Structures are given as structure tokens and as C-alpha cells.
Amino acid sequence: MDVGLFAQYVMNGLMLGMMYALVAVGFTLFFGVLDVIKFSHGDVLTVGAFTALATYLGLSAAGVNSPVVQVLAIVIVAGCSMALLGALIARVLVLPLKNAPALNTLLITLMLGTVLRESVRLFYPEGANPKPFPSLLPSDALVLGNFNLRLDSVLMLAAGAAVIVGVQLLLNRTKLGLAIRAVAQDEETAKTMGINFTLVVLITFGIGSALAAIAGIMNGLYYNEINFGMGLLLGAIGFSAAIVGGLGNIYGAIIGGFLFAMLQTIGAVALPFASAYKDVFAFGAIILIMAWRPTGLIQEKISERV
Amino acid sequence: MSERGPANTAATVPHTRNPLPALAVAALATAFLITLLLVESQVGIAALIAGAAIATIAAARQGLLTRITAGLATREDLLGALCVAGVLVVTVFFHEDHFVLLMVATLILFVVATLGLNIQFGYTGLINFAGSSFLGVGSYTAAVLTMHTALPHLLVLLMGGVMAAAIGSLLLLPVLRTRGHYSAVVTIAFALLFKTFLEVNDILGGPQGLAVAGMDLFGWSFNDNIVIGDDFELSFYANYVLLSLAILVVAFIFVRRLDRSWIGLNLDAVRLDETAAACFGLNILRWKITAFTLGNFLIGVAGALYGMMLGFIAPANFTFGDSLILVSIVLLGGLGNAWGLVVATAIVVIIPEKLQAIQEYRFLLYASMVILILLFRPQGLIPRPLRTYFPGFRTR
Amino acid sequence: MSGDAAPLLTARCLSKLFGGVVALDSLDLDVFGDDILGLIGPNGSGKTTFFNVVTGIYPASEGEIRFDGRDITNLSTQAIYRSGIARTFQRSRLSLPLSIFDNIMIGNHKRLNHGLWFNLVRRRAFQAELEENVATARELVRIFDAPLSERLLDPVGGIPMIDRRRVEICRSLISKPRLLLLDEPSAGMTGEETRLLMDDILEVKSRFRDLTIIIVEHEMGVIERITNRCVVLNFGQKIAEGTYREVAADRQVQEAYLGME
């Protein structure tokens, strides 16, 4: 294979990995503070992408045509509204079931995911069909032999990296981050130290869900198409990535996301004739990874008290 | 259902012999079902459903419902017989109506499938979000075997179950190795994989699907109408109603006896506290494997006959959404309650078929319904009663 | 105390590490047949960890455990239960939605027939086994509390704490173990309830001649009343051994409890 084509694959893998990592970080944040798995996460991503699309259409209709304004607006609107949605989900569905069997939380969020997905399909105008997503970023390209280094890809990767670094700084350098880590460490102790547990949980769910919205927008900008089922695949992959990285561990989630993208890209290169089976392999890989390392590559702390 | 121990032993006391409550409930339910199936006007159907819901809630408020269920609990054999009779009455009543009989047979097969799910989820706490996929494994097995081999069709049904159990056992390693409820993600991934695989695989017909031959039982072809005498003709779907009913009776007795045995106790113990159970010698893996395999087998058998009845199957019949509906049925009926499943399946299968307006919204509606159930009534419509080993079991 | 007889349970150099935390530190411990051994020590001194390692919930990091002359180190929980060790849990781990009878039967696992054919088809035989077990369970519960033995089909979720503790001990005793591990049986009970439960345990001990008991307790009154020997742990190490009076008078023990280094 020549270098240009190889670089193209690497670029593609990096893009995928960034999206997976963003989703996985959300899963890992939720698990960190509440020890719950929120299965509606992927569908929050879908709703985020559709919110972004609607915002764009609204802006265009209002005559705002500057791509810079449009991009900023869709990120802010989708990010903030998904943050609100995430906090709402935590408040209404997840926290009330805190003392019920863990299975109930899993079921309720899974069913909520269905509600969100079906709502997009049924209530978004012609939501059942794939929707074109505008390319709002400059598509200038640096041509190096077979390799097109597109500016929009570079921008998106940079933005994704910035977001992840931002979350990392937030967790490690701010008072809020300290509170989140305290709650993740030990809820009871955090409470006795005067930390508002509910508020911290809501904020964490808000942050995680905003990340999902950003991943959804990246997906739309990169493929120029979104559909109501996109979150199902991205959610399942993001979840496995979080597990592989060891749930509750942010670095693990990021590594897991990129690892999954790498596997997928290698699969696509190695088996070009089987491109139709791309998603089959992705799901197969999830199952195999769960069989191979059920608690992740980075060992999760086992905290069952007997 | 036919399990009545020696009457005057220490463990059982002669229970109330009054069959009237059971008879009354069965007659009422059958009459309601026939009316519901007869009415065509959407407003009428909505009114009937609303009326039934209100009547049930009122009865529950009055404490009537618990009295009835307590009374029925000691007469399960009779209740079972009456249910079978009720289905037969409905079948004879609608003997020419393809649509109704197809719906009744579908309902029965879905009960069989959810009984399987109930062993996994209700008893053992092993959640399976790929129920519809295992139904699909059964159907596709039936399609391939009926079109390409001369295997007797009863064996085809069996093979549907065996294939579902076998493919399920491929998932066993990840399902059993994952701690807690992460195993759910394995079954979700499998459900998505299965449908995607069917769609891209040309040998299995791709998105268009496959034809399945109709059931043929020792020369009795199920796809011909039944003609009795000169002018009484039954829709060919009546054949499927009868056979599914027979399968259901066997499956139901099987699941009830399983529940009322040491094995049922083991499954409950695994669900309720794995660590404690292991400290008393329970082999957690053995019971999880048993539950997962038995459950998938039942689902696969139901799927095989379902495919033969539909005559044509496609990936769209076996989506993740359908799997979620199966899980909703188990939750709605009351986790672990086999009788509750019957009621819940009836609600979930019949209502969207009759109320065309909600057909398109059914995934949305059922998902919302499960959310409400989990928030406000996690024990389901008909909560599972305390475990017993025989009807009217007493310890003294 | 059976002075020169071989011990029923021995632990040699037993260690358990959780990451960097040393929960058990080369512990040597002997339990003789007929003992009621009190295992005491401050919070976090390794008492429950010792139970968890003996019953196979955690693998030992180092060392050896022998039971009745056989090496049982790192056997599965199932194998250890079959060899005759049963336990209760600090935080009651009964299956609340199940009846008293069902909970006790979970403890009787090794003596029940779990065959598919037996359970599903041979219902008469199953019923005979069931009735036999109902009778055994009733007899056992009656040692603790006669009225309770008439309510075997009540769900455990609906009975008071002391009865739950009784059911938990019955669940451990039904399989006739040689060694019973009681993990803080008085937790969550009033002084009066604790006294009643200790009466029950002494009654059990007098009925089951060759039963050996290890009890973890914080209530020193309980320890003084029912044990014939005590082992005191601190930071996973054995710091004293002897009768309650002896260990209570030990200076090291007093320091450990008062938190002095």
C-alpha cells in the first residue's frame, strides 16, 4: 500500500476514534459518579445531531449564512440542550432508581433511548429517512500524492482533542472537578464534606451528554448525513470502548475509543471485499472484546462488600 | 397444571374446590376478547380497551383482583384448561377469519417465546435483549430446512430450538464472563449484528428475506383450509392456532414445573444474590447456562413455527425494537409470573393490531410504558406471587 | 477444648492484599473441634476478610488453609461449602422475596436432587423429597423459635431482624456443616435481641455435638458469654490469643482498641 493511501486510512481512523472517545468518556463519567450504565447515551447523540441540523436550518431560514457563526451556533445550541436533556434524564429517571436493582436503571435508560430514537423517526419531519448534513467547515485540502489532508478533518480533530483536554482540565484543575472526583470516589464521604451530591451528578450528566452532542455533530459534518439510528451503533461502540478502557477511567475510555477505531480501520483495509460486513464486524468485535476482557484492559476496582 | 399431589399428605391440604370464580373469569375474558376482535370501528375498539382498563383498575382498587388471583392460584390446572377452551371458542367463532386467527396464533407463539425469556430474565436475572434475534434464528432455520431438506417438520421445529440454543451458546462466554449487567450489552450487540448480517447476506435472501414452506404434519398440510362436512370450512390458520396451542401447553407446564422445583429455587437464588448463593454451593455458571439455553430453545421453537406460519420472513421481522417489545412484555406481565405473561402478551400483540392508529407508534408507546412501569410499578401488572412447589402448598 | 487433638481448621502464614492494602498479614490461626472461637479486633483489622478468604470468596495472596487435614486454600466457594464450612454474612444476605423455607433450602443445596428429570417429571418423588425437607427445616427452626417454625412460607422480607438472623443461621446449619462462621450476628439488633440470639446459638451448640463455631463480634459481652477462646486481630496480624479474660487483660489489645500506636 502506498503512503498516501495509508495516511488516508490513518486520518479516517483518527476521526472515528475521536468520535468513539467522546462517547466513551460520557459513559465513563456517568459510571464514575453513579455506578450506572446509561444506555440512552447513543440516542442523546442522535438527538444532538438532529438539534444541530434543525438549528442550522433555522439559521439559514433566518438569513444567517456565515459558516463560522453557523458552526458556533449549532455546537452551542446542541451542546447546551443535550446537557439539559442529560441532566433531566439523571433527575427524572436515573436518580429515582438509585436504590433499585441496577438492572432497572439499565432498562429504563434503554427504553428512554428507544423513546428518543422513535421520537426522532416519527416527529422530525420525514425523520425516518437519512438527512443530509451541511458541510460547514472549509474543505480546502492539502494534496500530498494520494493523500488529501482536508482542513475540515484537521479542524474537527483539533476541536475534539481540545474538548477532551478541556474535560480533563475541568476534572483535575477546578473545584467542580474535585467535587466530581470526590463523588466518584465515595458518595457518603463526599456528602459529609458538604458536596451537593445531586447537583454534582446532574452537572456530570450534563457534561457527558454535551460531549455526545459534539460527537453527533462531528459525525454529521464528517459523513454529511445523519439518521435516526446512528446513535445505536455509536452508543454500542462507545460503551464497549469505555468497558475496554475500564469503566470509570477517562484515559481508558479515550484509549478504548481509538483502539476500536484502529481495529475497524485495519479490518476495512485487510478485508476490502467484505465491506458490506463492516458493521457486522464492529458488533462481532464488541462481543469478542467483552468475552476477552469483561472488566476492561485497565482493571476496574472491584468494590463489592461482602 | 396437572400436578396434584396425593391429597392428604403433610405438604398439601385439600384446597377450595369451588370452580366458579375461574369459570366466570374465563367466560368474561373470552367474551371480551371476541367482542374486541369483532368490533371494527376504531372508536369502538378504543372505548372497549379503555373500559376494560378502567374496570380492571376499579377491581384492583376494591381488592377484588387480589381475591380473584388468590382464588385462581389454587386452581391453576382448571384455569389452564379454561384458557385452552377459550382459545378454541375464539377459533371456532372466527373460523373463516384469516386475520384474527393469524393474530391468535401469533399471540400464542409470542407467549411461548416470552416464557423462554422469562426463564432467563424473570427467574435468573440474565437479561437478553436479543429475544427477537433468537426468534429469527428459529425462523431462518425453518426456512432453510423446509426448502432444502426433507426433514419431517416436527423435527424442523425442534431444530429451530436447537439452533437458537446453539447460537446462544456462542454468546455464553461473553455473557457469563461479564460481571453484573454488562452482559446486556453483549446481547444488544448480537441483536444488532444479527439483523445487519441478515441484511448483507445474499444466501439468506438479504433484505428481501426468504420463503418458508408451510407446516406439514404427517401429510396434514397446514396451509390448506380445514373442511369439515359439506359446508363448514376453517381458515388454514386454525391449524397453526391448534399446533401453537399444543406447544404452548407443553411449554407452560414445563416452565411452571421448573419454577416449582429445586431448579427454580436455584435460578431465583442466582438472581437475588450470586455471592451468597455461591457460598452455599450453587454452581452459578451451571444455572445460568441452563437458563440461557432452555430459554433460547423455547424462543427458537416458537420462531420456527412463526416463520412457517408467516410463509415469508425478512430481517425486518426481527429487529432490536422487536426484542425490546419482548422484554417489555416480560416486565409488564410481572417479572417471573408466567400467567402475567399471557395477559401482557395479549395486550401487547392485540392492541396495536386492532388500533391501527397506534401501530406506527408501538415502539414508542411500549418503551414509554416500560419507563412508567419501572418508575411506578416495578413489580408489573400482576406481581409474581410467593414461590410455591404445588398448588395450595402448605408446610403444615 | 481438645488440647492435643489436631486442629479442625488451621491457617498458616495467611496473607491477603488488596492492591497495596494488607488485610491479612501472615496470620497463623488454629481452630479446634468443639471450639466457640471469638475473632475480635478493631474495624478493618481483617476479621471479615479472614472469613472471605476461608470461604473462597477472595483468593489468598499467600499462605495455606487446611480444614480437617485437607488443603482448601483457593478452592472454589462451592467446594469449600461441600467440605463442610458454612457462614453467615455481616449484612444479612437473605433473599428477601423468598420464603423462610426457600432461604433455608438454598443452604441445603448439596443434599437436594437437582436433576431435570427428577424435578420436572418425577413429581411424586420430588414431593417426597420436598416434604422430608419441610420437616427437617421445621425441626431446625424450632430450636430457635417455635412460632417461627410454623411460618415457614412467610416471605423473609416481612419478618423482624432477629428472625432474619435466625433464618440465616438455619440456612447455614441445614447442611450440617462441621464449621460455622458467624459474621457479627448481633449487628442491627437490640441488646435484648442479641441476648436471645446467643441463647439460640448456645442451644444449637449443645445439640450439634461436633459443630465448631467461629464468631466475629464487636459486642464484648457476647464474646465473654459464649466463647471459650479468643483471637485478637489488628492490621491483619494476630496480636493476642487466649480466653476472653486473658486477652481483655492484654496491654497490646487494649492499645489496639484505644487506637494507640
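What's counted below: heavy atoms across the whole structure, side chains too, no hydrogens, waters or symmetry copies. Keep in mind that this is a model prediction, so the values were computed, not measured.
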Q.
Quick check on B:L171 against chain A: is it the side chain, the backbone, both or neither that has a heavy atom closer than 4.5 Å?
A. side chain
Q.
For the interface with chain B, which of A:T109, A:L288, A:L232, A:V92 has the highest count of heavy-atom pairs at distances below 4.5 Å?
A. A:L232
Q) Is the side chain of B:S139 donor-acceptor paired with the backbone N or O of B:G303 at a distance under 3.5 Å, no angle test? A) yes
**Q.** is_close_aromatic(B:F190, B:F134), centroid dist under 6.0 Å
**A.** yes
Q. Going by atom types alone, do B:T319 and B:D322 pair a side-chain donor with an acceptor below 3.5 Å?
A. yes
Mind listing the side-chain donor-acceptor pairs of residues 95-105 of chain A below 3.5 Å, one per line with the distance, residues two or more places apart or on another chain?
from, atom 1, to, atom 2, distance (Å)
A:K98, NZ, A:E187, OE1, 3.2
A:K98, NZ, A:E187, OE2, 3.0

Q: Please indicate whether B:Q356 has more than 12 foreign heavy atoms, meaning atoms of other residues, nucleotides or ligands, lying under 6.0 Å from its CD.
A: yes
Q | A:E118 and B:R362: CA distance, side-chain angles, deciding distance, salt bridge (charged side-chain N to carboxylate O under 4.0 Å, His left out) verdict | A | CA-CA 9 Å; A:E118 285 290 300; B:R362 64 187 193 285; over 6 Å; no
Q. Among A:I237, A:L107, A:L233, who wins on heavy-atom pairs under 4.5 Å with chain B?
A. A:L107
Q: Give the member of B:V370, B:I371, B:L173 that has the highest number of heavy-atom pairs under 4.5 Å with chain A.
A: B:I371
(Q) Is a donor from one side chain sitting under 3.5 angstrom from an acceptor on the other, for A:Y222 and A:N12? (A) yes
Q) Of the listed residues (B:F363, B:F197, B:Y366), which shares the most heavy-atom pairs with chain A below a 4.5 Å separation? A) B:F363
Q) Checking A:S240 against chain B: side chain, backbone, both or neither under 4.5 Å from a heavy atom? A) neither
Q | Heavy-atom contact with chain B under 4.5 Å, split by part of A:L122 | A | side chain
Q: Check for a donor-acceptor pair, side chain of B:T187 on one end and backbone N or O of B:N128 on the other, with a separation under 3.5 Å.
A: no
Q. Of the backbone (N, CA, C, O) and the side chain (C-beta and beyond), which part of B:F129 lies under 4.5 Å from a heavy atom of chain A, both, or neither?
A. side chain
(Q) Tell me if the aromatic rings of A:F239 and A:H41 count as close, with their centers under 6.0 Å from one another. (A) no
Q) Counting a contact as any heavy-atom pair under 4.5 Å apart, which residues of residues 372-380 of chain B contact chain A? A) B:L374, B:L375, B:P378
Q | Heavy-atom proximity to chain A below 4.5 Å, by part of B:E199 | A | neither
Q.
I'd like to check A:F39 versus A:M111 (side-chain heavy atoms, cut-off strictly below 4.5 Å). Are they in contact?
A. no
Q. If only atom types and distance count, is the side chain of B:R286 paired as donor or acceptor with the main-chain N or O of B:N283 below 3.5 Å?
A. no
Q: Among the options A:L93, A:I108, A:L112, pick out the one with the most heavy-atom pairs lying under 4.5 Å from chain B.
A: A:I108
